[in-house]
Structure formats: C-alpha cells, structure tokens
Amino acid sequence: MKNVAIIGGGIAGPVTALALRKAGIDATIYEAYPTSAHGVGGSLVLAPNGMAALDIVGAAEAVRAAAQPSTRSVMTLGGRTRLELPSLSQVGPLHAVRRADLYRVLHDEAVKQGVTIEYGRRLTGVEGTTAVFADGSRARFDILVGADGVHSTVRRLIDPDAPGPKWTGMLGLEGVSSYEVPEDPETMVFAFGRRGYYLYWLNVAGGTTWGVNLPYHRPLSLTQAREVPREEWMRILCETYGEDVPGGDLLRHTPVTAMQVTGALYIMPSVPHWYRDRMVLVGDAVHAPSNSSGQGASLSIESAVELARCLRDIEDVPRAFATYERLRRTRVEKVAARTYKINNAKTPGPVVQKLIPLLMPLMLKTFMNPDKTVGPEQRYRIDWDTPVGTLP
C-alpha cells in the first residue's frame, strides 16, 4: 500500500493517518473545505477509551492540555431534583474539549509526523482506483478511507442504497456565560429543563460553558442555522430555557457574540456495508451514535486505530476490511442501542415531563449500574502491539 487516500480532515481522518503512519503506511488527507477548521464547532467529550486510543498515536498529551477534565456528573430535573450520577472507578476522567481545539491538535500532530493534508479537495466520485475531486483534480489510491462524516460521499459510493443520517429532532447550540454556577470545575451537570435538555460546567478560566439540545421543527445544516441572526437564536433559547434554574441565568449572562449554533444533531442507523473493493468507512461516516452517548468522538478514534491495525497485519485488503468490521460493528452498535432512547427524554411531551422527576431516581437505582452500562465502553483498550487475527 503506497497510496492511501483519506477523505475528511476532522477527527477520524487525522487519527487514521497517524495510526497508519505508526503502522508504516503513508497516507494523504483530502479535506473538502479550503482551510483547516480552526475556530469552528462546539464542545465534545472524550471518554477514557478515546483518550487511550489517542495515546497510541501520540496525540493524547496535547489533547489533555487543551481540554478540561471532568470527574463527577450530576443530573438535575426541573431545577429542583438533584441526583448524583454513579461513576466508574479507576478509568480516568472525561475530557471536555472544544471541537476546534481538537481539530487543531490533531492537525498539528499529523503535520508534525509528516502527514500530507490537501485542502479544497471535495470528492465527487471514483473511477477504478482514482479519486475524482470537484476542482477537476484526481488522485490514485490503493485504498480510499471515507472519514467524511454523517453526510459521507464515500458511503454512497460504496453503497448507493446506504441509509443516511437520522435527525434527532434537535439542534445543537452552545455558549459561554459570565454567570458562574456554584459547581466544582470538574463537575458536569446534565439538566432536564421544562421544555428541553441542556448541560453545563464551570470553566477553570472563568465563566460557564453551556450547551443545549434544542427541540426544533426541522433540521438545519450549519450554513442554514448560521443564516439565522444570533439575536433570533437567543430569543428562542430564552423562550425555551429562560424559566429554568440555572438555565435562565446562564442565557441572560451570555453575550450574543459568545453563542454559536452547531446545526442539526444526527445519528447513523446501522450501515449494511462498511466497505467495497478498495473503499472503507471510518468514524461518523459509518457509526454516529446519539450525542447522549458521550462516545461519538471516542468511537471514531478507536475505529481509526483499529483500521490501521488491520491493514498493518493483513495483506489481503478485503480480508483486512472484513476483520476491521468484525472488530468494530458489535461494539459501536451496542453503544448506539444503549443511548437511542435517551433522545426521547430530551424532547418530552407534557405527560413525560411530569413523569421524569418520578422515574429518573428509580432508574438510577435499578438500571444505571455504571459497571454494566458504561463500564465496557470506557474500560475498552486497543492492544496495538498484538497482531490482529484474521477471520476463519
């Protein structure tokens, strides 16, 4: 393999390139946008398993430096009931990081390790083993990796009948408020308000970061969402969360310029075909669980590393792809299934709103055993040094 083309320069793309380079395989990243994504996007959480995978490719320390650790989680219901969420022991903290900072760290590490990144190269199709881009340029490949997100072009090239992303009924918005909540900086609060769900945490540097999953009547792309004036978004947010505590105070102390909309929130249904011929999918292009899972980015990072590991150890490309899918499909689909129904609680009707304060404490006591639910997810570690076994 001399020419591995990676489509997409977000999270999965650079990690795939770094892992391939560690495996002795060079790759080139082709990013559709004309520049890097510095300054773009809201925040996300990296779980301990994702950080462990970043350790393998040498990017974890830089990510830790850009992130804020979270060792404690709390749930509030209607601003009245406060519940301590059970936590796992001996796995390490969650890390909250701005998506733009994560992009920057991965970009810089990839460049530092000698990975070539070409911008303004939007894939439109393939001809045999040649990638064709919108600007008329072309690139030969031995393998083409689709790391191009939920609206993946590569997924459609692999299977024209592949399912597309499913909208959750919500939009993502985020901001930084000068109102400082009375919380420890390592505590993340998940709040079910009167009309919607939001979360927040106190920043070490001051202020409070908040994010909302806003119930909305139609999906909007990032471009469409940003065409709406910020003042209008702030009005909608105050109408939805203004009566909540501390949601209302957080919004009222947020300058309009410190608020951004990140677009519609999607999940990926099960994708029948992860690969075809010399093309394969990785990250959100093939598995994007609900953002409620706290595992989206971490699973993408894991899959990038496992794909490189399979290509390192198995010379037969179709067999390497099949082994990669075998290693990953069950794991990612279990995470998706676990969190699928949580989205319904984020957009509750009047009856569910009244029942949540009664049902949630019972669920915490009976069903939310972290060792059984998130334990297998967060304690998962990739054994990079062990050769991958092939399918029988």
Main-chain N/O of [Y] paired with [X] side-chain donor or acceptor, under 3.5 Å:
| X | Y | result |
| --- | --- | --- |
| D135 | S137 | yes |
| Q113 | L18 | no |
| N291 | G296 | no |
| E377 | A47 | no |
| S177 | T208 | no |
| Y266 | V150 | no |
| R276 | L157 | yes |

Are [X] and [Y] side-chain neighbours, meaning at least one heavy-atom pair lies under 4.5 Å?
| X | Y | result |
| --- | --- | --- |
| H287 | E333 | no |
| M234 | L251 | yes |
| P48 | L94 | yes |
| R328 | L299 | yes |
| I11 | L106 | yes |
| R331 | N49 | yes |

Between [atom1] of [X] and [atom2] of [Y], what distance do you get to the nearest 0.5 Å?
| X | Y | atom1 | atom2 | result |
| --- | --- | --- | --- | --- |
| R72 | D184 | CZ | CG | 7.5 Å |
| H151 | D284 | NE2 | CG | 10.0 Å |
| W274 | R329 | CH2 | CZ | 6.0 Å |
| M188 | E183 | CE | CD | 11.5 Å |
| R230 | Q260 | CZ | CD | 7.0 Å |
| E127 | R140 | CD | CZ | 12.0 Å |

*Sole residue of V4, V115, I117, T116 in side chain to side chain contact (heavy atoms under 4.5 Å, CB included) with T28*: T116

*Have a look at W210 and tell me which of V189, L199, T254 forms a side chain to side chain contact (heavy atoms under 4.5 Å, CB included) with it.*
T254

*Decide salt bridge (charged side-chain N to carboxylate O under 4.0 Å, His left out) for R195 and E243; before the verdict, give the C-alpha distance in whole Å, the side-chain angles of both, and the deciding distance to 0.1 Å.*
CA-CA 9 Å; R195 299 183 181 88; E243 298 178 15; 3.8 Å; yes

_Looking at E231 and R235, is any side-chain nitrogen of the basic one under 4.0 Å from a carboxylate oxygen of the acidic one?_
no

*With the threshold set at 4.0 Å, does a side-chain nitrogen-carboxylate oxygen contact exist between D55 and R64?*
yes

*Relative to each other, are the rings of Y179 and H253 parallel, tilted or perpendicular (30° and 60° limits)?*
tilted

*Once the angle between the rings of F190 and Y197 is folded into 0 to 90°, is it parallel (under 30°), tilted (30 to 60°) or perpendicular (over 60°)?*
parallel

*Any side-chain donor near an acceptor of the partner, T130 and R138, under 3.5 Å*: no

*Within 45° of the ring axis of Y324 and under 6.0 Å from its six-membered ring centre, is that where the NZ or CZ of R319 lies?*
no

